[in-house]
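Here the structure comes first, spelled out in structure tokens, and everything after it is commentary.
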Amino acid sequence: MAANTHSLALVRASSQYANTPDANDLDFGTGSFTVELWYKVTSLPGFSGLICKDLSDNDGFQLNGTTSFVFRCMSAAGVDATSSFTLTDGGVWHHIACVRNGTTLKVYLDLVEVASGTDNARNITNTAVLGLGTYRSVDVVNHHWDGLIDEVRVWNVERTLAQITANYQKDVTGQSGLVAYWKLNNSDTDETGLGHTLTRGGGAGFSTTVPFGDYANGARGYKSLLGVGQA
């Protein structure tokens, strides 16, 4: 089984980020979707973003904040649906999954539900890029992440906690509903074959620090059920 060898390394002071252009399959309208990734914090010096696809702060989705983070869906009318939680730091790897099922937002941090909110099926279609490690304020790339990001998955379906738990350390290539998948193993390639190649900015590179070692059994595995992150 292939190894998980690298993660995306971002330095806030250098304004580093990665993004991919707008595409129809990255817009979810009023439907369900799931975004998930692993993160490791270098520092939380201020407001920063992990993943976003929003236009002028009022149409799309975003996952951002200080130590108080929010998973937010916005309609063109500027009405937010939010699900707020405290971002876990601790200098170790953590897994986060944000789910919208059309009416409800949920956030799972280390496989535990930490936040929920009402969405009312807001239409979140836009022409914005999808960004990693940044929050686009009024369409300007800023509020950069300081740390590592790995195993980013975007789905056009609601993923249940059971599905997330069964797959968070596994290769999910080819699974139903997967519309973007960046393993970030020293590569910007979208593993779905749908062409959502990343472009890195600010000199962003890769690190050999990863949350788990291989896709068979999570060697160097993450002890989520014990509440302990992976260093």
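What you are looking at is a predicted structure, and each value in this text was computed from that prediction instead of being measured.
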Original post:
Is it true that a side-chain atom of Arg153 and a backbone atom of Leu178 form a donor plus acceptor pair closer than 3.5 Å?
Top reply: no

**OP:** Quick one: pull up CG in Leu87 and OG1 in Thr66 and give me the separation to the nearest 0.5 Å.
**Re:** 9.0 Å

**OP:** Can you see which heavy atom on Leu132 is nearest to which on Leu10, and at what distance?
**Re:** O-CD1, 4.2 Å

Original post:
Taking only residues two or more places apart in sequence or in another chain, which ones pass side-chain hydrogen bond (donor to acceptor under 3.5 Å, both in side chains) with Thr197?
Top reply: none

Subject >> Donor-acceptor pair between Asn4 and Asp214 side chains, under 3.5 angstrom >> reply: no

Original post:
Going through the checks in order, is the side-chain contact (heavy atoms from CB on, under 4.5 Å) test met by His143 and Thr134?
Top reply: CA-CA 5 Å; His143 301 301; Thr134 183; 5.6 Å; no

Subject >> ILVMFWY network linking Ile149 to Val11, side-chain heavy atoms under 4.5 angstrom >> reply: no

Original post:
Hey, does Ile51 have a side-chain heavy atom less than 4.5 Å from the side chain of Leu37?
Top reply: yes

Original post:
Rounded to the nearest 0.5 Å, how far does CD of Gln175 lie from NZ of Lys170?
Top reply: 9.0 Å

Original post:
With Thr125, which residues qualify under side-chain hydrogen bond (donor to acceptor under 3.5 Å, both in side chains), at least two apart?
Top reply: Asn123

Original post:
Which pair of non-hydrogen atoms, one from Gly91 and one from Lys40, has the smallest distance, and what is that distance?
Top reply: O-CE, 3.1 Å

**OP:** Could you tell me the separation between the CE atom of Met74 and the SG atom of Cys52, rounded to the nearest 0.5 Å?
**Re:** 8.5 Å

Original post:
So, the side chain of Arg12 versus the backbone of His144: is there a donor-acceptor pair under 3.5 Å, distance only?
Top reply: yes

**OP:** Tell me, with the steps shown, if Thr86 and Phe69 meet side-chain contact (heavy atoms from CB on, under 4.5 Å).
**Re:** CA-CA 6 Å; Thr86 299; Phe69 256 56; over 6 Å; no

Original post:
Going from CG on Leu109 to CD1 on Ile96, what distance comes out if it is rounded to the nearest 0.5 angstrom?
Top reply: 5.5 Å

Original post:
Under the salt bridge (Lys or Arg N to Asp or Glu O under 4.0 Å) rule, what pairs show up with a residue in residues 177-205, not counting sequence neighbours?
Top reply: Asp171-Lys183, Asp188-Arg200

Original post:
Any donor and acceptor pair, going by atom type alone, linking the side chain of Gln16 with main-chain N or O of Gly202 inside 3.5 Å?
Top reply: yes

**OP:** Please report the shortest heavy-atom distance between Val179 and Leu194, naming the atom on each side.
**Re:** O-CD1, 3.4 Å

Original post:
Can you check whether Ile124 reaches Asp27 side chain to side chain, under 4.5 Å on heavy atoms?
Top reply: no

Original post:
Taking side chain as C-beta onward, heavy atoms only, is Thr104 less than 4.5 Å from Lys106?
Top reply: yes

Original post:
Among Asp22, Thr127, Thr20, whose side-chain hydrogen bond (donor to acceptor under 3.5 Å, both in side chains) with Lys53 holds?
Top reply: Asp22

**OP:** Give the ring-plane orientation class for Phe28 versus Phe33, where under 30° counts as parallel, over 60° as perpendicular and anything between as tilted.
**Re:** parallel

**OP:** Heavy atoms only: give me the nearest Gly205-Leu8 pair and the separation to one decimal.
**Re:** O-CD1, 3.5 Å

Original post:
When clusters are formed by joining ILVMFWY residues with side-chain heavy atoms under 4.5 Å apart, either directly or through shared neighbours, do Leu50 and Val129 land in the same one?
Top reply: no

Subject >> Asp146: partners by side-chain hydrogen bond (donor to acceptor under 3.5 Å, both in side chains), with sequence neighbours left out >> reply: Ser43

Original post:
Are Phe71 and Phe85 close enough that their ring centers fall under 6.0 Å?
Top reply: no

Subject >> Considering all heavy atoms, the nearest Ser7-Val210 contact >> reply: N-CG1, 4.2 Å

**OP:** With side-chain contact (heavy atoms from CB on, under 4.5 Å) as the test, would you mind laying out the steps for Thr103 and Asn101 before giving the verdict?
**Re:** CA-CA 6 Å; Thr103 58; Asn101 69 4; 3.3 Å; yes

Subject >> Cys73 and Leu105, any side-chain heavy atoms less than 4.5 Å apart >> reply: yes

Subject >> For Asn64 against Gln62, the heavy-atom pair lying closest together >> reply: ND2-OE1, 3.1 Å

Original post:
So, do Asp54 and Tyr135 sit near enough that their side-chain heavy atoms are less than 4.5 Å apart?
Top reply: yes

**OP:** Apply side chain to side chain donor-acceptor pair (under 3.5 Å) to Ser187 and Thr189, showing your working.
**Re:** CA-CA 6 Å; Ser187 170; Thr189 301; 3.0 Å; yes

Original post:
Can you tell me how far the CG atom of Leu184 sits from the CG atom of Leu148, to the nearest 0.5 Å?
Top reply: 10.5 Å

**OP:** Only counting residues at least two apart or in another chain, list the ones meeting ring pair (Phe, Tyr, Trp, His ring centres under 6.0 Å) with Tyr181.
**Re:** none

Original post:
Is the ring centre of Tyr168 less than 6.0 Å from the ring centre of Trp38?
Top reply: yes

Original post:
Going by heavy atoms in the side chains, are His95 and Glu36 under 4.5 Å from each other?
Top reply: yes

Original post:
Atom OG of Ser176 and atom CZ of Arg159: how far apart are they, to the nearest 0.5 Å?
Top reply: 8.5 Å

Original post:
Residues in ring pair (Phe, Tyr, Trp, His ring centres under 6.0 Å) with Tyr39, at least two apart?
Top reply: His94, Trp145

Subject >> Heavy-atom side-chain proximity of Asp25 to Asn156 below 4.5 angstrom >> reply: no

Original post:
Is any side-chain heavy atom of Thr199 closer than 4.5 Å to a side-chain heavy atom of Asn19?
Top reply: yes

Original post:
After noting the C-alpha distance and the side-chain angles of Ser32 and Val157, does the key distance pass the side-chain contact (heavy atoms from CB on, under 4.5 Å) rule?
Top reply: CA-CA 5 Å; Ser32 300; Val157 294; 5.6 Å; no

**OP:** Kindly say whether Phe212 contributes a backbone atom to a donor-acceptor pair with the side chain of Trp93 at under 3.5 angstrom?
**Re:** no

